[in-house]
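This is a predicted model, so every value here is computed, not measured.
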Amino acid sequence: MPVCDTCGNDYDKAFEVTKAGKTMTFDSFECAITAMAPVCAHCGCRVIGHGVEAGGGKIYCCAHCADHVKGLKDRA
C-alpha cells in the first residue's frame, strides 16, 4: 500500500499531488497541506486559499496580513 510522505501512514486510499514537478503521496488533505501549502509571510499559517502575493514572491493568507506591504492593493 502507498505510504504518506508526511506521517508515514500506510493507507490503501492514499493519493498523489504534483506541484512544480514534484509528486508526493498523502493519506489526507491535512498531510498534503502540511507538506505543500505555502506559509503566510506575516502570521506563519498555511495558505490554503488563494492568498495574496506581493512583490518578491511573498505570499500572505489574507489582505489583513498583507496590509503592511507598501503599495499592495486587494482587487476588491
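Interatomic distance, SG of Cys4 versus CE of Met1, reported as 13.5 Å (0.5 Å rounding).
The shortest heavy-atom contact between Ala63 and Val52 is N-CG2, 3.8 Å. Of all non-hydrogen atoms in Pro2 and Asp10, the two that sit nearest each other are O-OD1, 3.2 Å. The two residues Val47 and Cys40 have their closest heavy-atom pair at CG2-N, 3.8 Å. When all heavy atoms of Ser28 and Cys31 are compared, the pair lying nearest together is OG-N, 3.1 Å. In this structure, Ala35 and Thr6 approach most closely via the heavy-atom pair CB-OG1, 3.5 Å. The heavy-atom pair separating Arg46 from Ala37 by the smallest distance is NH1-O, 2.7 Å.
Screening residues 5-27 for ring pair (Phe, Tyr, Trp, His ring centres under 6.0 Å), with sequence neighbours left out, gives Phe15-Phe29. Listed by first and then second residue, the side-chain hydrogen bond (donor to acceptor under 3.5 Å, both in side chains) pairs involving residues 13-27 are Asn9-Asp27, Thr18-Thr23 (not counting sequence neighbours).
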Report task. In sequence, state the C-alpha distance, the side-chain angles, and the governing distance for Val17 and Met24, and then conclude on side-chain contact (heavy atoms from CB on, under 4.5 Å). Result -> CA-CA 6 Å; Val17 176; Met24 297 180 75; 5.7 Å; no
